[in-house]
There are 2 protein chains.
Amino acid sequence: MKIERLSAKAEDYLETILRLSETLRGARTGDIAEALNVQPPTVSAALKSLTEQGLVDYTPYGAVGLTPKGRQLAEDVAGRHVALRRFFTDTLGMSQEDAEHAACGMEHDATPLVLDRMALLGDFLRTHPGMMEKWKAMRETARGERAPGVESSLKELPPGVRGVVMSVDVADSLRKRLVEMGVTPGVLIAVERVAPLGDPIAVEVRGYRLSMRKAEAARIRVKWRPGLI
Amino acid sequence: MKIERLSAKAEDYLETILRLSETLRGARTGDIAEALNVQPPTVSAALKSLTEQGLVDYTPYGAVGLTPKGRQLAEDVAGRHVALRRFFTDTLGMSQEDAEHAACGMEHDATPLVLDRMALLGDFLRTHPGMMEKWKAMRETARGERAPGVESSLKELPPGVRGVVMSVDVADSLRKRLVEMGVTPGVLIAVERVAPLGDPIAVEVRGYRLSMRKAEAARIRVKWRPGLI
DNA sequence: TCCAATTGTTTGAGTGCTTAAACAATATCC
DNA sequence: GGATATTGTTTAAGCACTCAAACAATTGGA
């Protein structure tokens, strides 16, 4: 019996099954498919493979459960996930949504030592009176003064921070509207605010305010610039 | 021209080519294969695919170079890599080796906001006089008092911290020796020190001291326990 | 009870990544 | 210059993951 490292995908399946099997419905093929953004046949295949590896308990058309070994691995992954998310929200001051998104990708490769030190650093900041306030204040004042040369999509530009448009790679219909508004390479742009549900987002450029979908903002590359809007 | 997110593997290839092409030898198939721990034919196939995507400049049997687009992406990845490694060493106080290892896996999924906040947090600690010393002191005293329930392989147990053996999954020859030494589930164990080159490592158990390879330590699961050796 | 509607699986196919074995080009040495 | 060693590529194959289309089981009414 080998302890081969599971693939990131396999870990995703186990983690999802663990979460769903704690609900009343239980973990059903369709729900797993929806949670992982794949089609049901993909889940059937994955379930077959995981069953052969002795990680899930599963009979076709029946409910999906975890074996002790599978549960152990699933709880490992889930533990890394929450540890990262807590660090991102509680210590780095990120939003729930941003933290969740980042944790999803990094949970598969975070090492125990990294997670341990992250948790410890959070404790350090919280147990020293006044330190968290100072750190929060620094985050506020530093908005827009950050990392010269950081480049990302417009979607990932923190609200209030300015960026220079590097490239626009959207469909023609939207592109036309953007060009009319002046969203062309070289121009300063900023995200004003994000709607409660995360979509659409309000963008400011040359004094105009326009709104666009996150999917669209993801196609616009920007370089972060000092200064708030 | 779409900006599909590259796979982690593709990012690895680009990053490696960037690093190697800065050397005198240049990026050669065999060197890339060795750096990424794959066989040469795998690299040939990857190079073909990356060429079709317009990311590398490559003629069979010739030197491998990056296109502007490929170089851009490679530098993005390399930037995430060093940002993470710096945070792990300079702020979390991890060793170069541990930091490098952890950064390798996480670089593909770290978001710009995460990297930015990590860098800012490092600046925060360094710019407040005395804070780094306090934080370092806390790391020292906290060794062994950490995260109840954290489980990892023996290889990942920080030196000096005690752990309880959960399972031993090694070949029979070593297993026999380990059992004689008393390395069985339930017993307390600790890593005493790691050889300069990282292998072998000195392990302490029931007062005995034995040395084993990292590959072997990776097969022993432990749960971290309070208290130093 | 039986017939839709829903849900899940199988099939067939494709992509990405990997390898061993066979083959081809390049480099090196005499 | 030619034989040999090194290096790189092609081929054939396998595994993990994915999907659309076709098919099968289950569920929930009427």
Side-chain angles (χ1 to χ4, degrees), chain A residues 2-17 20-21 23-65 70 73-74 77 104-105 107-109, chain B residues 2-17 20-21 23-65 70 73-74 77 104-105 107-109:
Chain A
K2 288 185 191 170
I3 304 196
E4 308 262 336
R5 240 283 290 79
L6 287 180
S7 72
K9 299 291 181 181
E11 286 192 347
D12 283 337
Y13 280 106
L14 290 181
E15 193 185 10
T16 303
I17 292 166
L20 290 176
S21 60
T23 66
L24 274 181
R25 275 173 74 80
R28 305 183 50 169
T29 302
D31 297 338
I32 299 171
E34 194 186 347
L36 292 176
N37 247 302
V38 296
Q39 297 303 312
T42 309
V43 177
S44 284
L47 253 25
K48 187 158 167 274
S49 159
L50 291 171
T51 301
E52 280 162 7
Q53 292 172 72
L55 300 174
V56 310
D57 228 345
Y58 157 73
T59 43
Y61 296 101
V64 183
L73 289 168
V77 183
C104 265
E107 66 189 353
H108 306 295
D109 296 289
Chain B
K2 287 186 191 170
I3 304 197
E4 306 261 336
R5 240 256 319 74
L6 286 179
S7 72
K9 301 290 182 184
E11 286 191 347
D12 283 337
Y13 280 106
L14 290 181
E15 193 185 9
T16 302
I17 292 166
L20 290 176
S21 60
T23 67
L24 273 181
R25 273 173 75 80
R28 305 183 49 169
T29 302
D31 297 338
I32 300 171
E34 194 185 348
L36 292 177
N37 245 301
V38 294
Q39 298 302 313
T42 310
V43 177
S44 284
L47 253 26
K48 187 158 168 274
S49 161
L50 291 170
T51 301
E52 280 163 7
Q53 292 172 72
L55 300 174
V56 310
D57 228 344
Y58 157 73
T59 44
Y61 296 100
V64 183
L73 290 168
V77 184
C104 264
E107 66 190 351
H108 305 295
D109 295 289

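Just so it is clear: chains get the letters A, B, ... in the order the sequence lines come, proteins before strands, and each one is counted from 1.
In this structure, B:T42 does not reach the C:dT18 phosphate: none of its side-chain N or O atoms is under 4.0 Å from OP1 or OP2. Between B:Y58 and D:dG8 there is no side-chain polar atom (N or O) within less than 4.0 angstrom of OP1 or OP2. At the phosphate of C:dT7, neither OP1 nor OP2 sits under 4.0 Å from any side-chain N or O atom of A:R28. For D:dT10, the OP1/OP2 oxygens have no side-chain nitrogen or oxygen of B:K48 closer than 4.0 Å. Note on B:S7: a side-chain N or O is less than 4.0 Å away from OP1 or OP2 of C:dC17. Close to D:dA16, at under 4.0 Å from its OP1 or OP2, lies no side-chain N or O of A:Y13.
Atom pair B:Y61:OH and C:dC23:P shows a separation of 13 Å (rounding to whole Å applied). Taking atom CD1 on A:I32 and atom P on C:dG8, their separation rounds to 9 Å, with Å as the unit. One interatomic measurement links the two molecules: CG of B:L14 to P of C:dC17, which rounds to 11 Å at whole-angstrom precision. Rounded to whole Å, the distance from CG on A:D31 to P on C:dT7 is 9 Å. For A:Q39 and C:dT7, the CD to C1' distance is 14 Å, given to the nearest whole Å. Between the CG atom of A:D12 and the C1' atom of D:dT18 there is a distance of 14 Å, given to the nearest Å. Taking atom CD of residue A:E52 and atom C1' of nucleotide D:dC15, one finds them 12 Å apart after rounding to whole Å. Rounded to an integer number of Å, the gap from B:L20 CG to D:dG8 P is 12 Å.
Residues A:P40 and A:T29 share a closest heavy-atom pair of O-CG2, 4.0 Å. In terms of heavy atoms, B:L14 sits closest to B:A74 at O-CB, 3.6 Å. When all heavy atoms of A:V64 and A:S21 are compared, the pair lying nearest together is O-CB, 4.5 Å.
Residue B:R28 holds its CZ atom at 12.0 Å from CD of B:E34, rounded to the nearest 0.5 Å.
Both B:P40 and A:A10 lie near DNA chain D, and the one whose nearest nucleotide falls closer to the 5' end is B:P40.
For A:P41, counting side-chain heavy atoms from C-beta on, the closest listed nucleotide (D:dT10, D:dA20, D:dA25) is D:dA20. Nearest to the side-chain atoms of A:V38 among the listed nucleotides D:dT18, D:dA25, D:dT9 stands D:dT18. The side chain of B:T29 lies closest to D:dT9 when the candidates are D:dT9, C:dT9, C:dT18.
The side chain to side chain donor-acceptor pair (under 3.5 Å) with A:H108 is formed by just one residue from the set A:E11, A:E15, A:K9; it is A:E11.
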